[in-house]
Amino acid sequence: MAFYSNEIIQQLKAHADIASVIENFVPLKRSGNGRFLGVCPFHDDRSPSMNVNPSLGIYKCFACGAGGDVFKFVQEHEKMDFKGAVEWVANFTGFALPQLGAPENNEKTEERAMVRRLNELACEWFEQELSRSPKALEYLSSRHITDETRKRFHIGYAPDGREGFIGYAVKNGFSPLDCVKAGLAVQKENGGISDKFRDRLMIAIQNMSGIIVAFGGRDLSGKSHAKYMNSPETELYLKRDILFGLYHSKQSIAKEREVIIVEGYFDMISLFQGGVTNVVAASGTALTELHAGILARYAEKAYLVFDGDEAGRKATFNSLAIVLPKGIAPRIFALSRPDGTKIDPDNFVNEFGAAAFREALKGSEDWLSYLMRIRDMESPEERAKLVTFAKSLVKSIPDHELRNQYVKLISERFNTDRSLSQVKALKPQKSFDERRPAHGNGASNANGENAEVIPQLEQAATLNWASIPPMEIRFANLVLRNPTLMDRALEYFDMDWAASGIQMFESPVVEEFVNSAIALYAETGAMSPQLLYDNVSPTLKLFLEGLPEEKWKPPQEIVEFYQTLTVLSTKLCDRQKHQIPLNTNEAVSVRMQMSKFTQGMQKLNNLFNAEKINIDAFADQVVRSRTPLMQFQAAIQNGEPVQAEVTPSIPTHAAASATAQQNAQPSAAPFVTPQPQQAPAEYADKQMATSEPHTNNDEPPEGFEPPPPADDDEEAYSYGSDENFNEDFDNFG
């Protein structure tokens with residue numbers, strides 16, 4: 001029997017808000033940690049025992065053990081088969097499923113996969129070309145975009161050539177027509193095909209899972225009539241589905257329960273770079289109901305930051321009609337300089353800083369005040385139009401009590417009656433019954449037979465949180481909550497590391513998590529917590545369920561990532577050291593090199609904390625430190641001697657000091673009170689710090705003559721060559 005592809009299922013799961021789906025059956029209450037609690041419908045639950053985790057897309061009852069994803073909930077609650085649950089969720093959330101059995105179904109699936117691969121190839125090429133274009137790099141510098149931000153948002157450059165990318169794609173196995181289907185090339189009437197984006201700064205557009213689905217191109221030639229050009233819609237890209245930047249900002253939005261909606265790519269990027277991370281941009285299209293539905297999962301309030309011209313007013317009116325019915329309270333906000341001239345968010349945050357932007361937000365207006373200010377309130381006719389428009393907006397709000405409060409407010413401000421009977425809802429909302437699929441009340445399959453109801457499986461997996469080192473729990477949470485660290489994790493835990501057989505972590509479940517996350521990222525190019533959760537062991541599922549929501553402020557996550565690796569590698573080296581018996585001079589020599597390694601990692605951390613090296617030099621040395629660890633492992637497994645030159649020294653041209661931002665120490669943000677099976681909260685209270693100096697009480701074998709002691713223990717350490725490494729370290733002093 002024909003069925004939907006796994007790709008479609010995953011897209012629908014990412015699209016659907018599990019909390020919104022479940023809330024149509026069971027009242028939910030936000031627990032304060034980005035999750036929801038509710039009374040479990042699968043047993044006689046007298047107190048809220050069901051935990052709903054939107055970030056992982058799962059629900060879990062800690063009383064009866066019921067749990068699963070959004071499809072499993074609908075299956076169990078509505079007594080449907082899996083196919084029926086998929087169609088129910090798609091219908092409820094407005095997701096367009098492909099027609100099953102249609103001849104072109106396989107072709108469409110293959111085309112989506114092809115477009116995705118081509119987008120990834122194009123992103124790689126654009127980024128390569130950017131490094132070769134002084135003009136594009138100078139433009140980014142003029143917009144105050146840092147290298148870190150450029151990499152985070154996959155900003156590149158399309159050179160001014162007819163077939164630059166087409167030629168690159170052909171060399172990598174794609175045809176020019178494939179490029180047309182992906183929206184990366186255009187076909188002319190005479191049959192000729194050329195690059196669509198030429199002499200443009202390229203900005204990758206990512207979906208909720210981080211997959212690159214399209215591009216936005218900013219003209220750098222000064223000749224084009226279109227300053228910005230976006231990819232056309234493809235099998236992978238529908239404008240109504242995408243809010244630019246949401247992939248990066250959704251965790252921050254969920255934590256603050258507020259979202260800032262701006263117009264342009266650089267408005268969003270500059271704010272995010274400046275530390276205002278709860279921001280998205282409606283670039284390339286007007287705000288849609290689907291956009292608002294997605295934002296409603298995370299935010300209770302939306303700041304609409306549009307231009308003050310007529311186009312900006314129309315965008316504001318449209319946005320009001322979109323967000324109000326979704327239960328999001330809109331605030332209207334326009335920026336200006338001290339002299340009163342208008343300014344966009346991009347320029348504002350670069351001129352005055354993120355703190356000034358946050359302060360300016362406090363002057364935003366509620367939507368009623370905004371309408372009263374921009375409309376003519378003198379004549380009765382205009383006043384009546386405004387009242388009718390406001391009431392139409394209010395009537396579209398499904399929440400009964402919120403609607404009543406707004407009606408009361410309109411009555412007080414405009415001295416009018418509180419009745420909505422004479423107005424029509426501006427955006428009529430379908431009732432719950434209208435949204436239900438026709439087969440929603442039955443449990444029959446496509447053949448009319450009674451579908452098999454899969455019984456709730458007993459939860460067999462267990463997890464002893466107390467046995468997991470707190471630092472390893474925090475490191476796993478750091479990687480899970482900061483997908484931008486995946487490239488750095490992939491650089492450290494690469495194929496050479498995997499082939500060495502080293503177990504970096506004391507906890508098997510953390511080792512499994514890191515390996516699984518890296519394997520998923522290497523395969524898909526994105527870090528999706530939901531997809532990861534679907535493909536791991538039951539024990540790791542419990543681990544992911546228990547990790548609390550937390551936010552790191554850039555570049556805090558990068559600093560903590562590398563500092564944690566220095567401590568973890570030191571602990572690993574200590575474990576390795578005790579696997580080598582002191583029965584030969586060679587073994588003693590290896591043990592002494594291990595002791596030098598731990599001292600060197602401590603010294604490296606101290607240099608960074610003292611601001612004698614910057615984050616780039618620090619990160620580079622942490623990655624280089626893998627080499628001795630792998631050689632130590634080889635010595636343990638094969639008895640091979642460790643080479644003297646185990647790690648290159650720090651280059652002397654590294655920056656002598658780091659900025660305060662680069663060296664900001666990670667804070668130990670306290671976690672919320674955990675639910676059952678959650679990570680113990682006390683691990684978050686432990687500061688990330690370098691390990692204490694290690695002592696070596698190992699006795700050498702009889703007859704062994706140690707080298708003469710050094711005058712200065714600190715100078716005695718060598719990462720590889722004593723002379724080179726210590727000389728470079730002295731240069732930093």
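Sequential numbering from 1 along the given sequence is applied to the chain's residues. Predicted model only: the values in this text are computed from it and were never measured.
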Inset, instruction - Could you tell me which residues satisfy ring pair (Phe, Tyr, Trp, His ring centres under 6.0 Å) with Phe513, sequence neighbours excluded, listed by chain and number? - result: none

Inset, instruction - Output all residues satisfying ring pair (Phe, Tyr, Trp, His ring centres under 6.0 Å) with Phe505, sequence neighbours left out; order by chain, then residue number. - result: Phe475

Inset, instruction - With sequence neighbours left out, write down each residue that passes side chain to side chain contact (heavy atoms under 4.5 Å, CB included) with Lys188, or none if nothing qualifies. - result: Arg162, Asn190, Ser194

Legend entry - For Asn207, all residues meeting side chain to side chain contact (heavy atoms under 4.5 Å, CB included), sequence neighbours excluded: Ser209, Ile211, Val213, Ile242

Inset, instruction - Scan for ring pair (Phe, Tyr, Trp, His ring centres under 6.0 Å) pairs involving residues 181-200, sequence neighbours excluded, and state none if there are none. - result: none

Going by atom type alone, with no hydrogens or angles, which donor-acceptor pairs under 3.5 Å involve a side-chain atom of residues 480-489 and a protein atom two or more places apart or on another chain?
from   : atom 1 : to     : atom 2 : distance (Å)
Arg481 : NE     : Asn477 : OD1    : 3.1
Arg481 : NE     : Pro548 : O      : 3.4
Arg481 : NH2    : Leu547 : O      : 2.9
Arg481 : NH2    : Pro548 : O      : 3.2
Asn482 : ND2    : Leu478 : O      : 2.8
Asp487 : OD1    : Tyr521 : OH     : 2.7
Asp487 : OD2    : Tyr521 : OH     : 3.3
Arg488 : NH1    : Tyr562 : OH     : 3.1
Arg488 : NH2    : Glu148 : OE1    : 3.0

Inset, instruction - Please report the C-alpha distance between Tyr533 and Leu540 in whole Å, then the side-chain angles of each, then the deciding distance to 0.1 Å, and finally whether the side-chain contact (heavy atoms from CB on, under 4.5 Å) criterion is met. - result: CA-CA 8 Å; Tyr533 183 87; Leu540 185 49; over 6 Å; no

What side-chain donor-acceptor pairs closer than 3.5 Å can you find for residues 121-132, not counting sequence neighbours?
from   : atom 1 : to     : atom 2 : distance (Å)
Glu124 : OE2    : Tyr168 : OH     : 2.6
Glu127 : OE2    : His154 : ND1    : 3.4
Glu129 : OE2    : Arg132 : NH1    : 2.7
Ser131 : OG     : Gln128 : O      : 2.6

Legend entry - Gap separating the CH2 atom of Trp552 from the OG atom of Ser252, nearest 0.5 angstrom: 13.5 Å

Legend entry - Residues which pass side chain to side chain contact (heavy atoms under 4.5 Å, CB included) with Asp344, listed by chain and number, not counting sequence neighbours: Asp267, Asp346, Asn347

Inset, instruction - Could you pull out all residues at least two apart from Gln187 that satisfy side chain to side chain contact (heavy atoms under 4.5 Å, CB included)? - result: Leu177, Val180, Ile193

Inset, instruction - Please work out whether the ring planes of Phe153 and Phe272 are parallel, tilted or perpendicular, with thresholds of 30° and 60°. - result: perpendicular

Inset, instruction - Scan for salt bridge (Lys or Arg N to Asp or Glu O under 4.0 Å) pairs involving residues 192-212, sequence neighbours excluded, and state none if there are none. - result: Lys135-Asp199, Asp160-Arg198

Inset, instruction - Identify, with sequence neighbours excluded, every residue that meets ring pair (Phe, Tyr, Trp, His ring centres under 6.0 Å) alongside Tyr228. - result: Tyr265

Legend entry - Contact summary for Leu118 and Ala182, nearest pair of heavy atoms: CD1-CB, 3.9 Å

Inset, instruction - Check whether the side chains of Gln273 and His144 place a donor and an acceptor atom closer than 3.5 Å, and report yes or no. - result: no

Inset, instruction - Check Pro554 against Glu557 and note the closest heavy-atom contact, atom names and distance. - result: CA-OE1, 3.2 Å

Inset, instruction - With sequence neighbours left out, write down each residue that passes ring pair (Phe, Tyr, Trp, His ring centres under 6.0 Å) with Phe266, or none if nothing qualifies. - result: none

Inset, instruction - Please step through side-chain contact (heavy atoms from CB on, under 4.5 Å) for the pair Ile203 and Ile269, ending with a clear verdict. - result: CA-CA 10 Å; Ile203 303 168; Ile269 292 172; 4.3 Å; yes

Inset, instruction - Would you tell me whether Lys181 and Thr234 have side-chain atoms, one donor and one acceptor, within less than 3.5 Å of each other? - result: no

